[in-house]
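Step one of this worksheet: look at the structure below.
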Number of protein chains: 2
Amino acid sequence: MGSREPRWLSTTEQQTWRAFLRGGRQLMEALDRDLVPYGMCLSEYEIISMLSEAPDHQLRMSELATIVVQSRSRLTHTATRLERRGWVTRAPFPGDGRGVLLTLTEAGLAKVIETAPGHLASVRARLIDQLTPAQIKTLGQIMTTVSEGMEQ
Amino acid sequence: MGSREPRWLSTTEQQTWRAFLRGGRQLMEALDRDLVPYGMCLSEYEIISMLSEAPDHQLRMSELATIVVQSRSRLTHTATRLERRGWVTRAPFPGDGRGVLLTLTEAGLAKVIETAPGHLASVRARLIDQLTPAQIKTLGQIMTTVSEGMEQ
DNA sequence: GGAACATGATTGAAACGGCAACTATTCCCG
DNA sequence: CGGGAATAGTTGCCGTTTCAATCATGTTCC
């Protein structure tokens, strides 16, 4: 039944898709590079940054994994590394013996505070300040749509 | 001189940035997952796909690395893997003894042709078909701007 | 209550990617 | 022309990520 010929992308669609791929890769790479002087990469910063905003600076592993879009296994490994650096600690999750609560330490919070301005400047320079307010708003709508279309 | 207080992101700016991070990660992850049945990941598909569009199905390593935004080292490793699967071959680059020309094999081309429709459907379902034509156009402009701001 | 199933997290091994060192070639310029 | 600098690519090592298997706890339902 379904046509065997796929619906190819129009010129505009293809340009958009290619620009998204290339631009996205370049952006992530640059943000990672900008974090090297602080001794971490973006995915690690995301973790301690999310923790710093959470109530009591703590989140359950599974919830955190969902927020930062990482596999449970990856978060386990990364959390172990962050723990070794003294930025987070593990504790049993109250009320559910399966859960683990990840908590930001004083040193971890200090690291977030130290890193945030530089990272923020990086995001501004490479993304936000390159766009008009209208583009920023549209980009937010687009990526929210994409994201929502992906949750299950 | 420069203010010590950074210019924080406005609510809209922050929402956009977070949605971009999350949505981008989710999208890339989904596209990778959709390629598993074909025995490759997105970054590998990009390589053989670009080769399939190039004159004589061949490109110089350095040029290809720039196009797909991968480090030379990474491309070397990946090319070796693709070579082992019989999808590409290496040859000296004519006219420049330092260069290496990567060529798509018959089998490699067949693999691209086999994979393209499914991958295309994936990009459509998860990104393109979720957006209005106006959004698609704007997204293209945005990501082109971001990309151009990053060259050099 | 307990068997079957689902969920949360960890583990170890293998695959992948980044970095720095290295080789080979080409370019630049006196 | 020749020596130093730049460019292209590879290599080995090591840190990171994935994958499948595992363990522990929770939930469901007869």
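- Between A/G95 and A/T78, the residue anchored nearer the 5' end of DNA chain D, judged by the nucleotide with its closest heavy atom, is A/T78.
- When all heavy atoms of B/A79 and B/M61 are compared, the closest pair comes out as CB-CE, 4.2 Å.
- Residues from residues 36-59 of chain B lying near DNA chain D, meaning a heavy-atom separation below 4.0 Å, are absent.
- For the 3.5 Å distance criterion, the side chains of B/R90 and B/T80 qualify, holding a donor opposite an acceptor.
- Residues B/Q70 and B/I47 form a side-chain contact, since some pair of their non-hydrogen atoms from C-beta on lies under 4.5 Å apart.
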Name every donor-acceptor pair, under 3.5 Å, that has one atom in a side chain of residues 50-57 of chain B and the other anywhere in the protein, sequence neighbours excluded.
residue	atom	partner	partner atom	Å
B/S52	OG	B/S49	O	2.6
B/E53	OE1	A/R18	NH1	3.3
B/E53	OE2	A/R18	NH2	2.8
B/H57	NE2	B/S52	O	3.4

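- Comment: B/R22 does not engage A/E46 in a salt bridge, judged by the lack of any side-chain N to carboxylate O separation of less than 4.0 angstrom.
- One finds a salt bridge joining B/R85 and B/E44 here, because a Lys/Arg side-chain nitrogen approaches an Asp/Glu carboxylate oxygen to under 4.0 Å.
- In this structure, B/E106 does not pair ionically with B/K111, as no charged nitrogen and carboxylate oxygen lie closer than 4.0 Å.
- Fit an axis to the five pairs at each end of the helix from C/dG1-D/dC30 to C/dG30-D/dC1 and the two axes sit 30° apart, to the nearest 10 degrees.
- Residues A/V112 and A/L101 do not share a hydrophobic cluster, clusters being chains of Ile/Leu/Val/Met/Phe/Trp/Tyr side chains in contact below 4.5 Å.
- Cluster membership check: B/V36 does not share its hydrophobic cluster with B/M28, using side-chain heavy-atom separations under 4.5 Å among Ile, Leu, Val, Met, Phe, Trp and Tyr.
- As rounded to whole Å, 18 Å separates atom P of D/dA20 from atom CZ of A/R74.
- One hydrophobic cluster holds both B/Y38 and B/Y45 under the rule that ILVMFWY side chains link at heavy-atom gaps under 4.5 Å.
- Among residue pairs with one or both ends in residues 83-115 of chain A, none qualify as ring pair (Phe, Tyr, Trp, His ring centres under 6.0 Å); sequence neighbours excluded.
- Between A/E29 and A/R33, at least one side-chain nitrogen of the basic residue sits less than 4.0 Å from a carboxylate oxygen of the acidic one, meeting the salt-bridge criterion.
- A/Q130 and B/T145 are not linked by any side-chain donor-acceptor pair at a separation below 3.5 angstrom, with hydrogens and angles left out of the test.
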*For each nucleotide in nucleotides 1-12 of chain D, reading 5' to 3', give B when a protein heavy atom comes within less than 4.0 Å of its base, S when such contact involves only the sugar-phosphate, and - otherwise.*
------BSSBBB
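- When DNA chain C is scanned 5' to 3' for any atom under 4.0 Å from a heavy atom of chain A, the first and last hits are C/dT7 to C/dG12.
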